[in-house]
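For the numbers below, each heavy atom of this structure counts, side chains included, while hydrogens, waters and symmetry mates do not. Being a predicted model, the structure only gives us computed values, none of them experimental.
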Amino acid sequence: MARAALQIGVRELANLAEVSPTTITRLERGDALYGRTVEAIRTALETAGVEFVPENGGGAGVRLKKDAQEMEHHTP
C-alpha cells in the first residue's frame with residue numbers, strides 16, 4: 001500500500017532502499033526478510049513521504065505525510 005500511495009514502482013523503491021527488486025517483491029508477497037532489510041525499506045518509504053499508522057482498532061495502515069500530499073496536489 002505504501003508503494004502504491006507514492007506511485008512508485010518496485011525498481012524505484014528497491015533503488016531508494018538499496019535492495020534488489022526481488023527483495024521488494026518478496027516483502028510484498030509476505031515472505032520473511034532480515035530485520036535490517038525491512039528497516040531499510042521502511043526508512044526509504046518514510047523518507048519518500050509515507051507515514052505508518054499503528055493499529056488503532058481498525059488495523060495498521062499507511063498514509064502520505066502532509067507535506068507529501070501537498071506536494072502531490074501542487075505539482076504541474
Side-chain angles (χ1 to χ4, degrees):
M1 289 185 341
R3 188 171 60 76
L6 292 169
Q7 299 178 344
I8 61 175
V10 169
R11 286 193 172 116
E12 187 174 352
L13 177 54
N15 286 334
L16 293 172
E18 298 181 359
V19 299
S20 73
T22 303
T23 299
I24 302 298
T25 301
R26 290 179 53 220
L27 175 76
E28 292 181 351
R29 250 191 341 233
D31 294 353
L33 300 175
Y34 290 115
R36 66 181 178 267
T37 303
V38 174
E39 188 58 35
I41 296 167
R42 180 183 179 119
T43 299
L45 289 166
E46 289 173 337
T47 300
V50 166
E51 181 177 9
F52 289 89
V53 181
E55 185 162 340
N56 59 3
V62 296
R63 65 177 168 221
L64 292 177
K65 292 179 185 174
K66 198 166 205 125
D67 292 344
Q69 291 174 355
E70 289 171 5
M71 286 175 49
E72 184 178 290
H73 293 295
H74 290 28
T75 53

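At most 12 heavy atoms of other shown residues, nucleotides or ligands fall within 6.0 angstrom of atom CD in Glu18. Remark: Arg29 CZ is packed, more than 12 non-hydrogen atoms of other residues, nucleotides or ligands lying under 6.0 Å away.
Heavy-atom minimum distance, Lys65 versus Glu46: NZ-O, 2.9 Å. Among all heavy-atom pairs drawn from Ala14 and Pro21, the shortest one is CB-N, 3.6 Å.
Within the 3.5 Å criterion, the main-chain N or O of Leu33 finds no donor-acceptor partner in the side chain of Thr37. Listed for the Arg3 side chain is a donor-acceptor partner under 3.5 Å among the backbone atoms of Ile8.
Residue Leu6 holds its CG atom at 12.0 Å from CE of Met1, rounded to the nearest 0.5 Å. Rounding to the nearest 0.5 angstrom, the gap separating the CZ atom in Arg42 from the OG1 atom in Thr47 is 11.5 Å. Atom-to-atom distance recorded for Leu13:CG and Ile24:CD1 is 4.0 Å, nearest 0.5 angstrom.
Hydrophobic clustering keeps Tyr34 apart from Leu16 (ILVMFWY residues linked when any side-chain heavy atoms are closer than 4.5 Å, directly or through intermediates).
Of the N and O atoms on the side chains of Thr25 and Thr22, not one donor lies less than 3.5 Å from an acceptor on the other residue.
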